[in-house]
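This chain uses plain numbering: 1 for the first residue, then up along the sequence.
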Amino acid sequence: MSNPVYILNGPNLNLLGTREPHIYGSTSLAEVEDMCKARAKDRGLEIKFHQSNSEAEIIGWIHEAINGSSGIIINPAAFTHTSVAILDALNMVKHPIIELHISNPHNRESFRHHSYVTYAATGMICGLGVNGYPLAVDAMADLLKDL
């Protein structure tokens with residue numbers, strides 16, 4: 001089996017299911033992880049699923065993924081709009097990167113319309129709720145198949 005796909009989640013996503021359910025839904029992050037594991041198994045992928053409220057920890061996982069992954073799916077949450085450091089780390093990754101958002105940041109406050117992560121991303125999925133996660137796993141599987 002090839003290297004795992006890293007699924008990285010940024011700040012406050014540990015509160016999925018209870019945090020602003022009118023925006024993010026009522027599914028917990030543990031349930032999202034289970035959805036991803038099931039889809040990855042169906043697609044013949046292994047995943048490493050992480051969440052942190054710490055920018056430094058996310059950057060550490062990206063560094064790990066440079067040589068230890070087949071690709072990265074990242075929901076950087078609020079770091080999307082603020083973190084040049086995460087962008088710099090992602091720019092070192094030579095594998096596919098999928099930027100993922102539960103809500104559609106373009107339908108929200110204007111400060112959410114800009115993403116630093118987009119500069120490094122192969123593609124983006126947004127606005128489909130937590131259903132975007134298994135779709136991102138499918139998209140990653142398809143991208144890796146074509147390499």
Side-chain angles (χ1 to χ4, degrees), residues 2-17 19-33 35-37 39-40 43 45-147:
S2 62
N3 288 328
V5 171
Y6 278 51
I7 301 177
L8 306 179
N9 295 279
N12 300 310
L13 291 171
N14 55 305
L15 299 176
L16 276 182
R19 175 188 177 219
E20 298 178 279
H22 62 285
I23 295 174
Y24 301 106
S26 58
T27 304
S28 71
L29 190 61
E31 291 169 313
V32 170
E33 181 176 5
M35 293 165 59
C36 290
K37 285 180 178 177
R39 185 62 57 89
R43 297 301 303 263
L45 297 176
E46 178 189 344
I47 63 167
K48 286 194 172 189
F49 195 95
H50 298 292
Q51 185 279 328
S52 182
N53 296 318
S54 166
E55 184 178 32
E57 190 166 27
I58 293 168
I59 291 167
W61 291 324
I62 294 168
H63 289 175
E64 214 178 87
I66 291 169
N67 294 313
S69 78
S70 295
I72 296 175
I73 297 167
I74 183 167
N75 182 344
F79 291 142
T80 303
H81 322 292
T82 63
S83 184
V84 174
I86 287 176
L87 169 62
D88 287 347
L90 289 170
N91 278 331
M92 292 184 273
V93 175
K94 303 302 180 210
H95 314 301
I97 298 168
I98 296 175
E99 180 179 356
L100 173 64
H101 300 284
I102 294 169
S103 68
N104 181 347
H106 305 288
N107 279 348
R108 299 187 60 198
E109 304 93 340
S110 62
F111 71 85
R112 295 185 194 275
H113 297 178
H114 181 264
S115 167
Y116 285 102
V117 172
T118 297
Y119 295 110
T122 307
M124 178 195 284
I125 296 171
C126 68
L128 301 175
V130 296
N131 293 322
Y133 280 86
L135 292 172
V137 172
D138 282 340
M140 182 62 72
D142 291 343
L143 287 168
L144 295 174
K145 176 182 66 174
D146 293 338
L147 293 181

message: Looking at every non-hydrogen atom in both residues, tell me the closest pair between A77 and G10 and how far apart they are.
response: CB-C, 4.0 Å
task: With rounding to the nearest 0.5 Å, note down the distance linking OG in S70 to CG in N3.
output: 5.0 Å
Residue pair Q51 / N53, side-chain donor-acceptor N/O under 3.5 Å: yes
query: G132 and I125: which non-hydrogen atoms are nearest, and at how many Å?
result: CA-CG2, 4.0 Å
E99 versus V117, closest heavy-atom pair with distance: OE1-C, 3.7 Å
- prompt: Do you know the tightest heavy-atom contact between F79 and S54?
  reply: CE1-C, 4.1 Å
query: With sequence neighbours left out, what residues match T27 under side chain to side chain donor-acceptor pair (under 3.5 Å)?
result: none
- prompt: Would you say I47 and I73 make side-chain contact, with heavy atoms under 4.5 Å?
  reply: no
- line: With sequence neighbours left out, the residues meeting side chain to side chain donor-acceptor pair (under 3.5 Å) with E31 are S28
query: CD1 of I62 to CE of M92: how many Å apart, nearest 0.5 Å?
result: 8.5 Å
query: Shortest non-hydrogen contact from A78 to P11?
result: N-CG, 4.2 Å
statement: Taken to the nearest 0.5 Å, the spacing of L45 CG from S2 OG works out to 6.5 Å
task: Just say parallel, tilted or perpendicular for the rings of H50 and W61, cut-offs at 30° and 60°.
output: parallel
message: Using side-chain heavy atoms (C-beta onward) and a distance below 4.5 Å, is Y24 in contact with L15?
response: no
task: State which residues pass side chain to side chain donor-acceptor pair (under 3.5 Å) with H95; sequence neighbours excluded, sorted by chain then number.
output: none
Less than 3.5 Å apart, which donor and acceptor atoms pair up between the side chains of residues 138-145 and the rest of the protein, not counting sequence neighbours?
{"from": "D138", "atom 1": "OD1", "to": "R43", "atom 2": "NH1", "distance (Å)": "3.2"}
{"from": "D138", "atom 1": "OD2", "to": "R39", "atom 2": "NH1", "distance (Å)": "2.5"}
{"from": "D142", "atom 1": "OD1", "to": "R43", "atom 2": "NH2", "distance (Å)": "2.5"}

field: Residue list, side chain to side chain contact (heavy atoms under 4.5 Å, CB included) with A120, at least two apart or on another chain
entry: L87, L90, N91, I97
- request: Please identify each residue that fulfils side chain to side chain donor-acceptor pair (under 3.5 Å) with Y133, with sequence neighbours left out.
  value: N9, N75
statement: On a heavy-atom basis, the closest approach of M35 and V130 is CE-O, 3.6 Å
Inter-residue atom distance C126.SG - I102.CD1, 0.5 Å rounding: 11.5 Å
message: Looking at H81, is its backbone amide N or carbonyl O close enough to the side chain of H114 to form a donor-acceptor pair, meaning the two atoms are under 3.5 Å apart?
response: no
- line: Separation between NE2 (H63) and CD1 (I58), nearest 0.5 Å, reads 12.0 Å
- request: Would you please test L13 and V32 for side chain to side chain contact (heavy atoms under 4.5 Å, CB included) and show each step?
  value: CA-CA 10 Å; L13 291 171; V32 170; over 6 Å; no
field: Nearest-0.5 Å distance, CD1 of residue I59 to CD of residue E64
entry: 13.5 Å
message: What verdict does the side chain to side chain contact (heavy atoms under 4.5 Å, CB included) test give for L100 and I7, after you've listed the backbone C-alpha separation in whole Å, the side-chain angles of each residue and the deciding distance to 0.1 Å?
response: CA-CA 10 Å; L100 173 64; I7 301 177; 5.7 Å; no
field: Parallel, tilted or perpendicular: rings of Y116 and Y119 (30°, 60°)
entry: tilted
